[in-house]
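Being a predicted model, the structure only gives us computed values, none of them experimental.
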Amino acid sequence: MSTDDTTDTTDASTDAEPTCGASSDGTDTSSSCGASSESDTSSSASGSSCGGSSDSTDEKVGSTVDDFDADPGRLVAVGLGPGQPEGMTQRAREALLDAEHVVGYTTYVELLPEEVREAADELYDTPMCGEVSRTEEAIDRALAGNDVAIIGSGDPNVYALAGLALEILESKGATASMVDFDVVPGVPAAQSCGARLGAPLVNDTVSISLSDHLTDMPTIESRLHAAAKEGFTISIYNPWSRKRRENFEKCCEILGEHRAADTPVGIVHGAGREDERVEIVELGDLAELGETDLIDMTTTIIVGNAETYVWDDRMVTPRGYESKYDY
């Protein structure tokens, strides 16, 4: 799985009554913990797409720390890893089992092991583009005295919500220490996909997302040029969506300006999922795959450097040992 930026149209599950102890001034009946009605409405809109409406891009933080009377609980951002339960770290599993409330994107909540779902007092999910509202929901629940886990695939610090949680805590007048904020790392998509492909990432590497929902395309293009002309392997996140096909096409064009057409490229669709697919192609053939179901928002693409080669259906990027040792 690439990141949080994935299509899903499931409605968010909300509680009919406020249950988490926010004072009356800070509580909204559409949320169990005081998140503003504007953010709840936009996050649970069926069929919403990132950047597609002003509601989804103008989410506003509602309550502040002064709206809560309880002693704050705990907030932990947990990375689920690539998707399958066995890919989750033991620390992540324990953190989720300890949490009273689990908050996350609908697809990620559905990926939770059954034991975690059963252990939680409450599960709260929102569909795509509910990042601000669900992160605030998690924070409000923690400020109201609950032990809360906010989840994401991969790692919370890779195109995910750990940073947003700290930003919202700050905007509410709270502190990270107030809610005993912690981050439980997970296996990022680049690493889990690299493992499927062989050993493509053992030397200097960078990651670039093609989603221009939060980073404008000129900046993404500049970063692609900078990385492609150097000797980095490149992990491409969020390569394709129906609304921004041009981003992928531009990416292929830029890569082709700086790297040979026969450069190995690994493509992993749905890593750790039932529909996982793994292919290794040449850079010159990458653009034409954009129109296929191999490349979408659950796909991660790993572009080799000038030294990367394919051996026995595996990508290999030399680390440099051959220049120092005989083997």
*Report whether L97 and V78 are members of the same hydrophobic cluster (ILVMFWY, side-chain heavy atoms less than 4.5 Å apart, transitive linking).*
yes
*Judged by modelled atom types alone, do S209 and S211 share a side-chain donor-acceptor pair under 3.5 Å?*
no
*D67 side chain to T64 backbone, donor-acceptor under 3.5 Å*: yes
*asked:* Could you go through D212 and K243, starting from their C-alpha distance and side-chain angles, then the distance that decides it, and tell me whether this counts as salt bridge (charged side-chain N to carboxylate O under 4.0 Å, His left out)?
replied: CA-CA 11 Å; D212 58 3; K243 289 198 171 184; over 6 Å; no
*Answer yes or no: is there a side-chain heavy-atom contact under 4.5 Å between L80 and Y108?*
yes
*Pair D275 + R273: basic N to acidic O under 4.0 Å*: no
*Could you tell me whether the side chain of R93 reaches within less than 4.5 Å of the side chain of E115, counting heavy atoms only?*
yes
*Where P239 and I295 come nearest, the two heavy atoms and their spacing*: CG-CG2, 3.8 Å
*Derivation and outcome, side chain to side chain contact (heavy atoms under 4.5 Å, CB included), residues D155 and V187*: CA-CA 6 Å; D155 184 272; V187 180; over 6 Å; no
*Check whether any side-chain heavy atom of F248 lies under 4.5 Å from a side-chain heavy atom of L286, and answer yes or no.*
yes
*Determine whether more than 12 heavy atoms belonging to other residues, nucleotides or ligands lie under 6.0 Å from atom CG of D216.*
yes
*Determine whether the side chains of T106 and D125 contain a donor N or O and an acceptor N or O closer than 3.5 Å.*
yes
*asked:* Could you see if F68 belongs to whatever hydrophobic cluster contains M178? Use Ile, Leu, Val, Met, Phe, Trp, Tyr and a side-chain cutoff under 4.5 Å.
replied: yes
*Does the T135 side chain pair with the main chain of V132, one donor and one acceptor, at a distance under 3.5 Å?*
no
*Within a radius of less than 6.0 Å around CD of E170, do more than 12 heavy atoms belonging to other residues, nucleotides or ligands occur?*
no
*Linking I/L/V/M/F/W/Y whenever their side-chain heavy atoms sit closer than 4.5 Å, directly or via other members, would I208 and I254 fall into one cluster?*
yes
*asked:* I need the I301 CD1 to E279 CD distance, nearest 0.5 Å.
replied: 11.5 Å
_Can you give me the closest heavy-atom contact between V265 and M315, atom names plus distance?_
C-SD, 4.0 Å
*Scan residues 250-260 for pairs that pass side-chain hydrogen bond (donor to acceptor under 3.5 Å, both in side chains), counting only residues two or more places apart or in two chains.*
H225-H258, K250-E253
_Cationic N near anionic O, under 4.0 Å, D98 to R74_ = no
*Flag if over 12 foreign heavy atoms under 6.0 Å of CD, E86*: yes
*asked:* If you define the side chain from C-beta out and look only at heavy atoms, does anything of V316 sit under 4.5 Å from V310?
replied: no
_Which heavy atom of G79 sits nearest to which heavy atom of P156, and what is that distance?_
N-CG, 3.4 Å
*Given the rule in the side chain to side chain contact (heavy atoms under 4.5 Å, CB included) test, do R134 and L161 qualify, once you have shown the distances and angles that lead to the verdict?*
CA-CA 10 Å; R134 70 170 166 271; L161 300 182; 4.0 Å; yes
*What is the minimum heavy-atom distance between S171 and I168, and which atoms define it?*
OG-O, 2.8 Å
*Begin with the C-alpha distance, continue with both residues' side-chain angles, and end with the deciding distance and a verdict on salt bridge (charged side-chain N to carboxylate O under 4.0 Å, His left out) for D140 and K172.*
CA-CA 10 Å; D140 285 351; K172 287 176 174 289; 2.8 Å; yes
*May I ask you to say whether R223 pairs ionically with E221, meaning some side-chain N is under 4.0 Å from a carboxylate O?*
no
_With side chain to side chain contact (heavy atoms under 4.5 Å, CB included) as the criterion, how do L197 and I280 come out once you've worked through the C-alpha distance, each side chain's angles and the decisive distance to 0.1 Å?_
CA-CA 8 Å; L197 293 164; I280 299 175; 3.9 Å; yes
*From D293 atom CG to W240 atom CH2, the distance as rounded to the nearest 0.5 Å*: 12.0 Å
*Measuring from M297:CE to N238:CG, what's the distance to the nearest 0.5 Å?*
4.0 Å
*Are P188 and Y159 close enough that some pair of their side-chain heavy atoms sits under 4.5 Å apart?*
no
*asked:* Quick one: does any side-chain atom of E307 pair with a main-chain N or O of T317 as donor and acceptor, under 3.5 Å?
replied: no
_For G272, is there any backbone N or O sitting under 3.5 Å from a side-chain donor or acceptor partner on E276?_
yes
*Non-hydrogen atoms of S235 and A190 that approach each other most closely*: OG-CB, 3.5 Å
*Starting at OH of Y124, measure out to OG of S133 and round the result to the nearest 0.5 Å.*
5.5 Å
*Indicate yes or no: at least one non-hydrogen side-chain atom of V268 is less than 4.5 angstrom from one of T299.*
no
_Please determine whether residues L255 and M217 belong to a single hydrophobic cluster, defined as Ile, Leu, Val, Met, Phe, Trp and Tyr linked transitively by side-chain heavy-atom distances below 4.5 Å._
yes
_Would you compute the distance between atom CD1 of I236 and atom CD1 of I302 and round it to the nearest 0.5 angstrom?_
10.0 Å
*Enter the distance from N247:CG to S241:OG here, rounded to the nearest 0.5 Å.*
7.5 Å
_I'd like to know if R141 and D121 make a salt bridge, using a cut-off of under 4.0 Å between side-chain N and carboxylate O._
no
*Restricting to pairs with a member in residues 197-206, which pass side-chain hydrogen bond (donor to acceptor under 3.5 Å, both in side chains), not counting sequence neighbours?*
T205-T233
*Y237 side chain reached by L210 side chain, heavy atoms, under 4.5 Å*: no
_Using the rule given for side chain to side chain contact (heavy atoms under 4.5 Å, CB included), can you reason through V102 versus R117, listing the C-alpha separation, both sets of side-chain angles and the distance that settles it, and then say yes or no?_
CA-CA 8 Å; V102 178; R117 297 174 61 88; over 6 Å; no
*Considering only heavy atoms from C-beta outward, does the side chain of V148 approach that of V179 to under 4.5 Å?*
no
*Considering non-hydrogen atoms only, spot the tightest contact between A189 and T300 and give its length.*
CB-OG1, 3.7 Å
*Would L201 and V281 show up in the same hydrophobic cluster when neighbours are defined by side-chain heavy atoms closer than 4.5 Å?*
no
